[in-house]
4 protein chains.
Amino acid sequence: MDELIEPATRRTPKGNTTREAIKLAAKRALAVDGFSNAKIADIMASVNRSPGAFYKYYPSKEALLHELLDEFRTRLKAEVNRPLNTRGDPLEHLKERLGAFWKIYRDDWPVATAAFQMSMADREFARAWHGVRQQGIRGMSSVIKLLQKEGYCAGLDSELIASALCSMLEYTGYNWTARAGDFPDRLIDDGAAIEVLTRLVLNGVRGGAAETTAASPADKEPGRDPARRRAKSERG
Amino acid sequence: MDELIEPATRRTPKGNTTREAIKLAAKRALAVDGFSNAKIADIMASVNRSPGAFYKYYPSKEALLHELLDEFRTRLKAEVNRPLNTRGDPLEHLKERLGAFWKIYRDDWPVATAAFQMSMADREFARAWHGVRQQGIRGMSSVIKLLQKEGYCAGLDSELIASALCSMLEYTGYNWTARAGDFPDRLIDDGAAIEVLTRLVLNGVRGGAAETTAASPADKEPGRDPARRRAKSERG
Amino acid sequence: MDELIEPATRRTPKGNTTREAIKLAAKRALAVDGFSNAKIADIMASVNRSPGAFYKYYPSKEALLHELLDEFRTRLKAEVNRPLNTRGDPLEHLKERLGAFWKIYRDDWPVATAAFQMSMADREFARAWHGVRQQGIRGMSSVIKLLQKEGYCAGLDSELIASALCSMLEYTGYNWTARAGDFPDRLIDDGAAIEVLTRLVLNGVRGGAAETTAASPADKEPGRDPARRRAKSERG
Amino acid sequence: MDELIEPATRRTPKGNTTREAIKLAAKRALAVDGFSNAKIADIMASVNRSPGAFYKYYPSKEALLHELLDEFRTRLKAEVNRPLNTRGDPLEHLKERLGAFWKIYRDDWPVATAAFQMSMADREFARAWHGVRQQGIRGMSSVIKLLQKEGYCAGLDSELIASALCSMLEYTGYNWTARAGDFPDRLIDDGAAIEVLTRLVLNGVRGGAAETTAASPADKEPGRDPARRRAKSERG
DNA sequence: TATGAATGAGAATTCATTCAT
DNA sequence: AATGAATGAATTCTCATTCAT
């Protein structure tokens, strides 16, 4: 299922090396130009191959992106399926997943971005990209649901929450990493990124049911937060 | 001042009508195909005009997007500059802004998405798009800073928070609205969207100073929180 | 014959004024851009008229150039037909004609240049332009023939001489006048231009028969020029 | 050094062949249609290639003309720099150069003509074309200056003379060669052309100082001019 | 098998000309 | 008479893909 594309050259080590080199070069090209602006000739040139050679490895430009996208999905899936090793604390689960997702999105935004673009014009990519998003959302919402069982963020649609959080992570992966992102003059390291994102999300998710309208400036004491109280009592 | 692009035709009512029709059609085309796949001929056909007529209004396809983007930026800016009418409660401010931003992003994701795509390949768009992002971030972070004065989300970089929240809003605007978004079979109305996003963000932002990494005042027993324990030990 | 084009609007003084204004503007546009790059819309704009109004005066862009060209030809023809008022000296005749041609070419190079360009791609213009060239050549060669009767430049084809001299005058008219000519930083006034051209041509034409090969370094004294001597003797 | 344009393909013999074929075909097309009317599709068709193939060799139609023009300039320059092998006789020098220029102009008028046309509308071509003209003028005026040291054509601006002579040669190259030139029914061979031009120029240049208009204040009596005297007496 | 020249289907763009107002 | 919006044919240029060598 995951390996839909099984092209001619896969066996020989040399072919495999070239194939991997092409994918690497393609990601770089994607990062710089986006999918439609990335040129096969350029990609192949940066691998010291002729443009024609590309078609030994992929039947089309789209197929290459499909393979990259599939690898991306596989990576996400592996994380989603990974047994969460923290004995039961859902907040810990969330934090773990968040960090893992962050790293995946941070590395693969060129592919994600390209797939996103293509998904708007191409039915096949729309389907594939949707699958990737779903992967992320499933992984996120499973943790959310655990939290909701504990009383966190009660009453909210876990799918929507998961979708919004994935959107944040994914797009932030781009905006804090890419040249053309929000902070061109600043290098945001993983530590800082993960800290901000984690605290934002942890709080966001942990919040109680009625907070939307209730919060008053006087309500400065977190300890009084009913959601947290509930969470505690449920755990205890 | 915001209208840097002053096209030839602005006078005659007929021309104005056509111009507006083109923009509307362009947004539709952008939503369906993305920028590079949107064809001028198609846009003009959907306005019952010949392809050549386009160039009475815009010198190029790019110029059209620049104008749409500028309008988007202007809309954001208007919201950012709007005096917040709730007598001082920063959480209320946040909620207001959030709802406003949501509506802007929900309506303008075709333009935002197109500009985002173009920003990767085109220097001029990179600059323009960055300006729009900054607009959003500025608006968001000004509210965040107010909150921080009140003691909320202490210690976090308000710019980073604002950037992440804008990313979430913007990309969610797409994912909950577009055909090819996360929930093709579901119509997510404004009420639901705003509620989820607002609660997520409100909580996220309201969280106490040191929740992720440190104990909250009420949380007397830090040792019991496994997440915090790990965070601590990793730092130490 | 000269007025092939007799369009609708010619009677009313207002129409005539506009018509003349169009021609003037067209010449300016021709000078700056050449024919194919000159835009009707621009020409009409510089006359404060709408593009559509052009077709009140001319059925096509080509027709305009044809009219300008025809006027040019008429001007040349008038000069060619003008009775030469210097009692008989053919050298004086040549000088007169030369000065007159210089002024015509200097003024009308935009039209000449445009017609020349068009003559390469368009059969109709080829014919018309050829007629203009012939006009010039005829005028020139008639004087040359007079000179040859007097023994000057014997043995040379007067048509070829005339053609070469017209080429020189015509193209020099451009190169010494136009912005993009040979001397952008220098204003060459009529006096200087006419002096150089006249002396060049007078000498060129006056020379004896066999000069081509004969000239020797020792032959520093023009009066002793063997070529001239030979020319004499050949005639004698 | 003269080859500023260094195209992508120069290596393979096949590519080189095509490249040269394109240039040849382009010159033909230029001769027939002029630059703006020459269509890339036609040029490529006459080389049995698809339109797209053109862009393997040149980034644009303009670039092609620039290369042709550069070759033209190089040819001129080679002639200008060629050591004149006739031991010192400036008239011989002039003759040599003239013949060489004639052949260059006769062969390259399609390029010259196209460049001339483009120079009016395009800044880059204006510059390039000006460079070519200067090349010719420099070559011509260097010989003129030699002659002036010997007392020929005294008092005249050698640059102007050179410019006028180049204009004559260049434009005559067209008018005596091209289909649409002055003598469509006549084939003017090199011998005849060179003879006429050479004698014209040699005489023109060799003429004495004050011949033009009898203009020197002291020279009240035109009859004192030896040349004129001769002319008169011959008539008488 | 690899190369890189060639293909060819499109897309953007231009502008003389038309025509409803 | 005039306007200026609209037309639409024509042309340049792009680039994924093919194929002869």
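Keep in mind that this is a model prediction, so the values were computed, not measured.
Computed from coordinates, the B/F54 CZ to F/dA5 P distance equals 16 Å when rounded to whole Å. Note: CE (D/M44) to P (F/dT14) measures 14 Å, nearest angstrom. Look at OH on B/Y57: it is 16 Å from P on E/dT14, rounded to the nearest Å. To the nearest angstrom, P of F/dC13 lies 18 Å from NZ of B/K61. If you measure from atom CG of D/L65 to atom C1' of F/dT12, you get 16 Å, rounded to the nearest angstrom. Atom-to-atom, CD1 of B/I40 to P of E/dA12 comes out at 5 Å; the value is rounded to the nearest Å. Between the NZ atom of D/K39 and the P atom of F/dA9 there is a distance of 16 Å, rounded to whole Å. One atom, OH of A/Y58, and another, P of F/dT18, lie 17 Å apart when rounded to the nearest Å.
Taking every side-chain heavy atom of C/Y55 into account, E/dT18 is the closest of F/dA6, E/dT18, E/dT3. Side-chain atoms of D/A53 lie closest to E/dT7 of the nucleotides F/dT17, E/dT7, F/dT12. For D/T18, whose side chain is taken as the heavy atoms from C-beta onward, the closest listed nucleotide among E/dT3, E/dA6, E/dT17 is E/dA6. Listed nucleotides F/dC13, E/dT3, F/dT17 differ in distance to A/S50; the shortest reach to its side chain belongs to E/dT3. When distances are taken from the side chain of C/R49 to each of F/dC13, E/dA11, F/dT3, the shortest belongs to F/dT3. Taking every side-chain heavy atom of A/K56 into account, E/dT1 is the closest of E/dT13, F/dT11, E/dT1.
Note that CG of A/L65 is 9.5 Å distant from CD of A/Q117, once rounded to the nearest 0.5 Å. Rounding to the nearest 0.5 Å places NZ of B/K27 at 6.0 Å from CG of B/L68.
Aromatic ring centres of A/H66 and A/F125: separated by under 6.0 Å.
A donor-acceptor contact shorter than 3.5 Å links the side chain of A/S46 to the backbone of A/I43.
In this structure, B/F116 and A/Y174 have perpendicular ring planes: the angle between them is above 60°, well past the 30° mark.
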**Report entry** Base-pairing string, 5' to 3', of DNA chain F - Watson-Crick or wobble, under 3.5 Å, | interstrand
**Finding:** .||||||||||||||||||||
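For the pair C/K61 and C/F35, the cation sits on the ring face: its NZ or CZ lies under 6.0 Å from the ring centre, inside 45° of the axis. A/Y57 does not carry A/R49 over the face of its six-membered ring by the limits of under 6.0 Å from the centre and within 45° of the normal.
Between B/E62 and C/F35, the residue whose closest nucleotide on DNA chain E is further toward the 5' end is B/E62. Nearest-nucleotide positions on DNA chain F place B/P51 closer to the 5' end than the other of D/S36 and B/P51.
D/S119 and D/A126 make their closest contact through O-CB, 3.4 Å (heavy atoms, listed as atom of the first residue, atom of the second, distance).
Backbone-only engagement by D/A38 is indicated by non-hydrogen atom pairs under 4.0 Å involving sugar-phosphate atoms exclusively. Counting non-hydrogen atoms under 4.0 angstrom, C/N37 reaches nothing in the nucleic acid.
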